[in-house]
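One structure below.
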Amino acid sequence: MARFTPHTEDDVREMLEAIGVETLDDLFSDVSPKFEGELNLPPALSEYEALSDVNRLASKNVAGLPMFLGAGAYDRITPSSIGAIISRGEFLTSYTPYQPEISQGTLQTIFEFQSVISELTGLEISNASVYDGASAVAEAALMTARQTKREPKVAVSPGLNPRYREVIETYRVDIVELSYNDGTTDFSEVPDDVSGVFVQSPNYYGIVEDVEAAAEAAHRVGALCVAVCDPISLAVLEGPGNLGADVAVGEAQPLGMPLLFGGPYAGYMATRQEFVRQLPGRICGETVDTEGKLAYVLTLRAREQDIRRARANSNICTNQALTALVATVYSSLMGPEGLREVAELSISKAHYLAERLQEAGFRLRYPDAPFLWEFAVELPDVSRANQALLENGMVGGLDLGDGAMLVAVTEKRTREELDAFVEVVSNAG
Amino acid sequence: MLGNLIRDKGREGRRGYTLPRPDVKSVSLEKVLPKGALRKEKPKLAEVDEPTVVRHYTNLSRQNWGIDTNFYPLGSCTMKHNPRANEAAANTPGFAGLHPLQSESQAQGALQVMHELQGFLSEVSGFPAVSLQPLAGAQGELTSILMVKKFFEDAGDDARTTVLVPSTAHGTNPATATMAGFGSKEIGLDEHGCVDVEELREMVDETTAALMITNPNTCGVYERNMVEIAEVLHEAGAFLYMDGANMNANLGRMRPADKGVDVMHFNLHKTFSTPHGGGGPGSGAIACSEALAPFRPDPVAEKSGDGYAFVRPDKSIGRVAGFHGNFGQVLRAWNYIKMHGPELRDVTDMAVLNANYIRARLRGTYRIPYDELCKHEVVVQPPKGKKALDVAKGLIDHGYHPPTIYFPLVVKEAMLIEPTETESKETLDDFIGTMLELAESTSEELEEAPVSAPTRRLDEARAARKLKARW
Ligand SMILES: Cc1ncc(COP(=O)(O)O)c(C=O)c1O
């Protein structure tokens, strides 16, 4: 019998009798022809054996070294309380809160998540999460088309994360590329038939962009402005809603989620109140019960697939509730000052590293552009530098393929590690 | 009054976490960033200490029910026990600390897990090709239908504009067809609640791209004409897609590829018990035929020499996720399957046994619109004059999470009960006893329920009318 089924032989016999059939095979008499024989899978392992395999394979990965890779996923400090809270079975083993009377825990944490996202982005309404940063960007592209009643076509900067751009295209949205000078985007020539203008800040190369200019350009042609922001950056940068953006989206992974080879992370999505009906996904709102007690419930449900079916504004159903809870707990522990400190530590360390690299004779790809904690540095041979870093116990930055390395520095990196990075890269030539 | 949100429990200046001391010179933001870009007011986040945070969220969790606390027969969702070994696997530092853009040579363990899970899902479904990238069931649907779309584009066939969807289908199916740029048409049912093959013959033509079938369907009934349905579609040059949310009924008993299905999605969070987490994260891996394999999302893990490498399928639709899918869920599902092996068939057998047992014992009191063998779930209707909503709320007062109600839409007052294989006969007997008891309660009594939950029934209309979605 399988690992987690409680049935004894007597149970099975009694239950078959109650059903009125003789054998388990009889329960599949309608499946014809049925699959005969045994599934060709490795024999069942005990928990101990299975986890030994997990550890064996884990040891084939290079993990736990000082990390200089970013490009959309960041190696940040994760407080221990988060793991304890999300391991609570009541959070871990529940599902979508369709029965609000016994799901107030999940519902209130969604409400708090929405509040955090609204506060950071400066926008009125956030949803309960979408899958990841990339799908949030793609959903936003579709949303701009619905709201403007235009064909889905968006203007993006080369500073938009190329993976986000690919997902926009997979979601069947046309793309117009804007021009890019010295690290920032030129928004002066946006075509007048686009539904949205996308600005990522900090952009893929770590540089702070002019969200206001993007918003003005979008509004000039009757399009929506979508800002793509790292939530940690919003501790120090103005919320995009306050700079004119109509939608803000992004990857919530930096808010306490482990790297875990790319997921699960969580996408966030926020907009102005007037566009709420075009916002995809779940929204939790406040209400009262029959005795007047404050409580939370999923609301504005008529946008969603289970009610609206073919006319729903997205097909999204399951989202990222548990990782959204990670983000919520993380921001509660950090608070506005802690978040700011995470950002400032990262910025100071990144600028320290950039200066040391320049002193050592390397050139930044965009030396005059304002950056936060990620920057592109030109090296004679990026892959040789990365190899040398690995040999010295570090994971180097992303090879941009054009003679530059995209380097990310978080609050986790120590001065010693930064100095070692410069030394190894210098010696690698 | 002191509110109950985390922010209400704080005070300016309190901190819940300490960061390492700066070890480099602090940079002045005003110096390195444009003035207009800097934040003027700090965000109004909670300012709380760690003990308060832990107590706040622990107490919130106690207002929630999960599989760990209660029987949770939520139809179509497969709320089976979540083994903690899967959590241990996902928390292993060698995986948790792995960056998705590390080179393939630095991530061989992770690639091997992906490659092996692709193989396991191939074996279970009968298909030669798999992609683990879609991030939930609905995105697996979208991926599948986009692959169909790209197939026709590649073949220069621009007449394929329609996707057929049975009236029992989950809402994500028609919504997916729209997102993928198709029109959808609804197809009716025969007397067993299955796709009406005669109607299908009439509807299928050269504009049909695919039919989206769910098997067993959302009434818990096996679509016994699937082979014929596949033939009708294939004759017209169209594809058969299967929504695999209900694969818990098929493991080791039915392989979709053997029935003529061309492409399907799995819900790893359902069938392979990566936890549901209060509404995700999930994973919506897809499997497909040779003909559709070149269109899979980029990348897939393949064997390369002694190791593993990422490969872009040559006619790929592109990426659907930022990185390689919800790898944590992939790892959990892989671990779950390793702990079962061929015994996955017992999982299905016990799931189907449990559902049929409930069907047999509720018969006579509850109406059973399709009272024949069911698979892993059964749809019932309360006795005449009673509402599914009231019975559901009554169950809460007896300690049961209600079944899915008012779905599928084709059954009035539907209660879709999915017990899963991890529940014992005693649990089912107690639940059945309560269901029978509630059938005897007066409607007035039921309308009051729940009285013992953290809240009474909510004013849902007010939430929409006076929208307040943040502090
Ligand atoms: C039959 C069916 N299809 C598709 C889905 C969508 O899956 P997900 O919620 O993971 O997107 C669900 C579940 O929610 C389902 O029950």
Side-chain angles (χ1 to χ4, degrees), chain A residues 2 5-6 11 15 19 30 38-39 41 44 47 54 57-58 60-63 69 85 88-90 93-96 101-102 104-106 115 118-119 131 134 166 170 258 261-264 285-287 289-290 295 299 305-306 309-310 312 315 318-322 332-333 335-336 348 352 415, chain B residues 16-17 23-24 27 42-43 46-47 57 60-61 63-68 85 89 92 94 96-100 106 108-109 135-136 138 171 174-176 222 276-282 318-319 322-324 326-327 338 341-343 346 350 356-357 360 424-425 453 455-456 463 468 470-471:
Chain A
T5 49
D11 289 332
M15 292 168 81
I19 296 165
D30 49 351
E38 206 173 73
L39 286 172
L41 294 171
E47 171 177 315
V54 169
L57 291 191
K60 293 191 182 180
N61 298 326
V62 175
L69 260 179
I85 289 164
R88 297 275 310 180
E90 299 90 331
T93 73
S94 57
Y95 204 15
T96 308
E101 299 89 345
I102 46 177
Q104 285 300 305
T106 295
S115 305
S118 286
E119 284 295 333
Y131 307 131
E166 272 193 63
T170 307
F261 205 46
E286 189 184 285
T287 188
D289 73 0
T290 51
T299 192
Q305 46 75 28
D306 51 336
R309 299 181 73 85
N315 69 346
T318 295
N319 46 74
Q320 306 286 121
L322 199 70
S332 304
L333 286 165
S348 296
Y352 173 82
R415 182 178 179 152
Chain B
Y17 199 68
D23 56 0
V24 301
V27 165
K42 68 177 182 185
E47 298 190 47
Y57 291 105
L60 279 184
S61 80
Q63 300 195 23
N64 247 23
W65 291 10
I67 305 165
D68 282 4
T92 307
L98 193 62
H99 192 288
Q106 294 174 30
Q108 283 296 302
L135 299 169
T176 291
Y222 182 74
H276 288 74
R319 355 180 97 262
F323 298 109
H324 320 304
N326 278 338
F327 178 78
K338 299 229 332 180
E343 289 166 21
D346 298 329
M350 294 306 110
N356 276 287
Y357 181 68
S424 68
K425 179 169 179 296
T455 75
R456 304 293 301 275
K468 184 171 189 317
R470 62 178 291 189
W471 59 51

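Sequence lines set the chain letters: A, B, ... in the order given, protein chains first and strands last, and positions in each chain run from 1.
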Need one label for [X]: side chain, backbone, both or neither, based on atoms under 4.5 Å from any heavy atom in chain B.
{"X": "A:Arg415", "result": "both"}
{"X": "A:Thr299", "result": "side chain"}
{"X": "A:Ile85", "result": "side chain"}

Heavy-atom pair count under 4.5 Å with chain A, highest-scoring of [options]:
{"options": "B:Ala360, B:Gly94, B:Gly277", "answer": "B:Gly277"}
{"options": "B:Ala175, B:Ala46, B:Ala89, B:Ala453", "answer": "B:Ala175"}
{"options": "B:Glu343, B:Glu47, B:Met350", "answer": "B:Met350"}
{"options": "B:Gly280, B:Gly318, B:Gly16", "answer": "B:Gly280"}
{"options": "B:Pro281, B:Ala138, B:Gly322", "answer": "B:Pro281"}
{"options": "B:Gly66, B:Gly278, B:Gly341, B:Pro43", "answer": "B:Gly278"}

Between [options], which residue shows the highest count of heavy-atom pairs closer than 4.5 Å to chain B?
{"options": "A:Glu90, A:Glu166, A:Glu47", "result": "A:Glu90"}
{"options": "A:Ala134, A:Gly89, A:Pro264, A:Gly285", "result": "A:Pro264"}
{"options": "A:Thr287, A:Thr290, A:Asp306", "result": "A:Thr287"}
{"options": "A:Ser94, A:Ala58, A:Ser332, A:Ala44", "result": "A:Ser94"}
{"options": "A:Gln104, A:Lys60, A:Gln320, A:Glu38", "result": "A:Gln320"}

Check whether [X] reaches the backbone of [Y] with its side chain - one donor and one acceptor, N or O, closer than 3.5 Å.
{"X": "A:Asp289", "Y": "B:Arg456", "answer": "yes"}
{"X": "A:Thr93", "Y": "B:Asp68", "answer": "yes"}
{"X": "A:Thr96", "Y": "B:Gly279", "answer": "no"}
{"X": "B:His324", "Y": "B:Pro100", "answer": "yes"}
{"X": "A:Ser115", "Y": "B:Trp471", "answer": "yes"}
{"X": "B:Asn64", "Y": "A:Gly105", "answer": "yes"}

*For B:His99, ring-ring contact (aromatic ring centres under 6.0 Å, His included) partners two or more places apart*: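 Not a single residue meets the ring-ring contact (aromatic ring centres under 6.0 Å, His included) criterion with B:His99.
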
*Measure the NE2-CG distance between B:His276 and A:Leu322 for me, rounded to the nearest 0.5 Å.*
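Rounded to the nearest 0.5 Å, the NE2-CG separation comes out at 12.5 Å.
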
_A:Asn319 side, atom CG; B:Leu135 side, atom CG - distance, nearest 0.5 Å_ =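 A:Asn319 CG to B:Leu135 CG: 11.5 Å, rounded to 0.5 Å.
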
*Decide side-chain hydrogen bond (donor to acceptor under 3.5 Å, both in side chains) for A:Tyr95 and A:Thr318; before the verdict, give the C-alpha distance in whole Å, the side-chain angles of both, and the deciding distance to 0.1 Å.*
CA-CA 9 Å; A:Tyr95 204 15; A:Thr318 295; 2.5 Å; yes

*Let me know if B:Lys42 has heavy atoms under 4.5 Å from chain A in its side chain, its backbone, both or neither.*
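Side chain only.
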
*asked:* Report which part of B:Thr92 has an atom under 4.5 Å of a heavy atom belonging to chain A: side chain, backbone, both, or neither.
replied: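 Only the side chain of B:Thr92 comes within 4.5 Å of chain A.
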
